[in-house]
> 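One structure, pasted below without further comment.
Count residues from 1 along the sequence.
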Amino acid sequence: MMDSQEKVLVPEEPNTETTAGTNNSAVEENNAATAETTDEVLKKVYKTKKEVVERIKEIAHGNDNPEKEEIDNLKTMFYKLHFAEREAEMKAYIEAGGEPEKYQIQPDEDEEVFKAEMGVIKEKRARIFLEQENQKQENLKKKQEIIEKIKALTTSPEEANKSFQEFKALQQEWKEIKLVPAEKANELWRNYQLYVEQFYDLLKLNSEAREYDFKKNLEIKARLCEAAEKLAEESDVISAFHQLQKLHQEFRETGPVAKELRESTWARFKAASTVINKRHQQHFEDLRAKEEENLAKKTTLCEKVEAITKEEKKGAADWEKATKEIIAIQAEWKTIGFAPQKMNVKIFERFRIACDGFFGGKAEYFKDLKQKFAENTEKKKALVEQAKALQDSTDWKSTSDKLITLQKEWKKIGVVPKKTGDLLWNEFLGACNHFFEARNAANAGTKNEERANLEKKQGIIEQLKALIEDAGENIQEKVRSLTDEYNATGHVPFKEKDRLYKEYHEVLDRLYKELNISAARRRLDNFKNNLKNVAEKGSNALDSERARLMRRYEQMKQEIQTYENNLGFLNAASKKGNSLIDEMNRKVQKLKDDMNLVYQKIKAIDAECNENEDK
């Protein structure tokens with residue numbers, strides 16, 4: 001890529017006393033001398049980093065002055081290839097089954113060599129720059145001496161013919177001396193042109209020789225004008241511009257033409273130069289516009305990567321989705337051309353840092369996920385061992401409760417790698433199935449028993465319904481006897497349990513309501529009936545309920561003792577005292593009734609526990 005800051009040379013309109021431009025001419029001479037870097041060098045495509053490194057080595061250890069444009073281009077090309085190569089390595093690693101969090105960027109020997117050679121070039125450029133500055137000062141001194149010599153020749157008109165060969169030698173010496181300090185170039189060139197033209201104007205050559213010299217110079221300048229005009233047809237704008245600089249150099253170094261032709265000859269050459277310069281200027285304006293457009297596109301891609309990096313990822317799926325988006329953005333980046341030179345490396349660094357930040361975050365996430373997988377795997381392995389330890393148990397009720405608890409814990413544990421998770425689940429499920437299949441086989445005979453219990457309980461319900469229609473004597477004893485018999489009857493088929501429960505309690509509610517059976521007895525019957533549901537939760541549930549009732553029983557016992565002690569201190573002589581004693585006696589009796597109900601509930605729990613142990 002050409003340096004967009006390269007100066008465009010626009011020839012100046014000469015005055016009637018000059019053969020070339022004035023102020024800008026000397027600057028053009030310096031620029032033309034330094035514009036040695038061609039677009040062919042900058043357009044060269046490097047397919048590998050090693051090719052770039054080899055070129056850098058040639059520049060670092062060669063004798064030529066390293067050109068900044070080429071160095072910048074090589075640097076950009078190297079890191080573009082370097083970044084693409086690193087992306088390809090990571091993608092290949094993941095596609096081969098590697099885990100992203102384990103991927104590590106390997107040291108790049110080419111990059112180390114590249115950096116080292118760039119350091120050599122930097123030192124070399126600094127040294128050459130200093131040498132060039134010194135050489136420019138020497139050249140300035142030499143050209144000033146030449147000007148003084150030509151100036152001296154112009155002071156002796158009568159000696160001009162004799163001094164012509166010396167004058168031509170001084171002109172040749174001037175041509176061979178190249179760069180001078182830029183700030184002195186214009187003034188130096190004006191002085192040189194002034195005294196050269198003064199010498200020609202004073203020169204008293206014979207008519208033939210003078211005309212021949214003017215004619216020869218006119219032919220050369222006409223050829224240069226034609227060459228400049230033909231450059232308008234050159235498709236490569238950069239090449240045309242560089243060729244024009246060489247034509248300008250030759251035009252300036254060619255001697256004068258006849259005075260009456262000087263202005264027209266220069267006007268023709270200037271007109272051809274203007275066409276090329278405008279094309280060159282337009283080319284770089286278009287290039288700068290395109291580079292600015294590329295910079296805007298690349299900035300947008302940087303912002304997209306930075307936004308994706310900041311987004312919250314809730315799981316591996318989110319990270320994989322974001323990875324595909326980043327890779328797509330990287331592919332799009334490669335399709336975009338160069339940004340402006342001063343921003344090209346900076347925008348690439350921003351993009352690289354954003355991508356590295358994303359992949360670094362991804363690696364950290366999967367590292368943490370792997371640790372979590374390991375913890376979850378150990379937890380599930382522990383549950384598998386517990387399930388295997390219980391799979392041969394014949395304590396059907398207790399072991400069922402324990403296995404169900406283990407299954408609930410299993411669900412609470414987070415995910416593990418699929419392959420490991422499937423193996424552990426199969427082991428865990430196998431242990432659970434082994435136990436439950438054995439339990440089902442052992443309890444196969446209970447189905448007939450449950451069906452018999454269903455028929456028996458249904459019969460009891462029918463008897464209770466009959467009591468509603470024909471109560472008879474000792475109704476409460478009959479109801480109590482039937483409810484005791486109902487509660488003593490074992491389990492029924494599970495699918496019939498809810499329907500039977502509802503029907504039984506509807507009958508009891510009608511009996512209690514219509515026959516005024518005591519509320520305490522009703523509560524006890526309800527409690528006994530609910531014990532079946534409590535028992536299904538496991539022996540621990542029955543133990544907890546019994547402990548609660550025992551605490552309540554002891555509390556009531558203590559309250560009754562307190563009331564009875566207080567009664568001994570009361571005097572029943574007064575009407576008020578007698579009323580208070582009656583109230584306390586009623587409370588004591590109420591407590592005793594409630595305590596008896598609690599006691600009956602405790603006995604019911606003990607009976608249920610004994611029944612479960614017998615099964």
Side-chain angles (χ1 to χ4, degrees), residues 89-105 308 311-327 358-444 446-447 494-495 533-544 612 615:
E89 288 175 355
M90 182 173 183
K91 184 177 181 182
Y93 172 82
I94 295 172
E95 290 177 350
E99 298 181 23
E101 67 274 11
K102 288 185 178 179
Y103 180 75
Q104 293 182 348
I105 298 174
I308 292 172
E311 287 176 356
E312 180 183 2
K313 285 83 174 176
K314 296 182 179 179
D318 287 349
W319 278 104
E320 291 307 318
K321 178 185 176 185
T323 299
K324 291 179 180 179
E325 292 176 359
I326 295 294
I327 291 174
F358 170 81
F359 285 108
K362 179 180 178 182
E364 188 65 27
Y365 168 80
F366 279 101
K367 180 180 178 182
D368 295 341
L369 184 63
K370 182 181 178 182
Q371 183 178 352
K372 191 65 177 177
F373 278 170
E375 294 173 358
N376 292 341
T377 298
E378 291 303 315
K379 290 178 182 179
K380 290 195 173 185
K381 283 181 178 179
L383 294 184
V384 169
E385 293 303 318
Q386 293 179 55
K388 286 183 176 180
L390 294 171
Q391 67 181 359
D392 295 321
S393 173
T394 56
D395 185 356
W396 309 122
K397 179 62 181 172
S398 176
T399 304
S400 294
D401 293 340
K402 291 177 181 177
L403 286 175
I404 290 172
T405 300
L406 292 181
Q407 290 173 346
K408 291 179 180 178
E409 290 181 19
W410 184 281
K411 292 179 180 179
K412 293 178 182 178
I413 298 174
V415 295
V416 297
K418 187 177 187 304
K419 185 176 179 180
T420 303
D422 290 344
L423 291 173
L424 291 174
W425 171 246
N426 289 335
E427 287 188 68
F428 182 72
L429 186 62
C432 292
N433 288 343
H434 179 83
F435 168 79
F436 286 114
E437 288 171 2
R439 186 197 68 174
N440 292 339
N443 292 336
T446 62
K447 292 184 178 179
F494 183 80
K495 64 181 181 179
N533 294 331
V534 176
E536 290 179 358
K537 298 179 181 178
S539 57
N540 291 337
L542 288 175
D543 291 343
S544 297
N612 289 338
K615 290 182 180 180

> Measuring from Leu406:CG to Lys380:NZ, what's the distance to the nearest 0.5 Å?
13.0 Å
> Which pairs of donor and acceptor atoms, one on a side chain in residues 425-434, lie under 3.5 Å apart (sequence neighbours left out)?
from, atom 1, to, atom 2, distance (Å)
Asn426, ND2, Asp422, O, 3.1
Glu427, OE1, Lys388, NZ, 2.7
Asn433, ND2, Leu429, O, 3.3
His434, NE2, Asp392, OD1, 2.8

> Which pairs with one or both residues in residues 404-415 pass side-chain hydrogen bond (donor to acceptor under 3.5 Å, both in side chains), sequence neighbours excluded?
none
> Starting at CG of Leu423, measure out to NZ of Lys418 and round the result to the nearest 0.5 Å.
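Here the interatomic distance stands at 10.0 Å.
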> For the residue pair Ala316 and Leu369, what are the closest heavy atoms and their distance?
CB-CD2, 4.4 Å
> Mind listing the closest non-hydrogen atom pair of Thr399 and Leu390 along with its distance?
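Nearest heavy atoms, Thr399 then Leu390: CG2-O, 3.7 Å.
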> So, taking the atom named CG in Leu424 and the one named CG in Asn376, what distance separates them when rounded to the nearest 0.5 Å?
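Going from the CG atom of Leu424 to the CG atom of Asn376 covers 10.5 Å.
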> Output, in order, the C-alpha distance, side-chain angles, deciding distance and verdict of side chain to side chain contact (heavy atoms under 4.5 Å, CB included) for Leu403 and Phe436.
CA-CA 9 Å; Leu403 286 175; Phe436 286 114; 4.1 Å; yes
> Taking all non-hydrogen atoms of both residues into account, name the closest pair between Phe358 and Ile308 and its distance.
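Answer, listing the atom of Phe358 first, then Ile308: CE1-CG2, 4.1 Å.
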> Is there side-chain contact between Ile326 and Phe359, with heavy atoms separated by less than 4.5 Å?
yes
> What is the distance from atom CD of Glu378 to atom CD of Glu375, rounded to the nearest 0.5 Å?
9.5 Å
> If we only count heavy atoms from C-beta on, is the Phe366 to Lys370 side-chain gap below 4.5 Å?
no
> Please say whether the positively charged group of Lys313, taken as NZ for Lys or CZ for Arg, lies over the ring of Trp319, i.e. under 6.0 angstrom from the six-membered ring centre and within 45 degrees of the axis.
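Pair Lys313/Trp319 counts as cation-pi.
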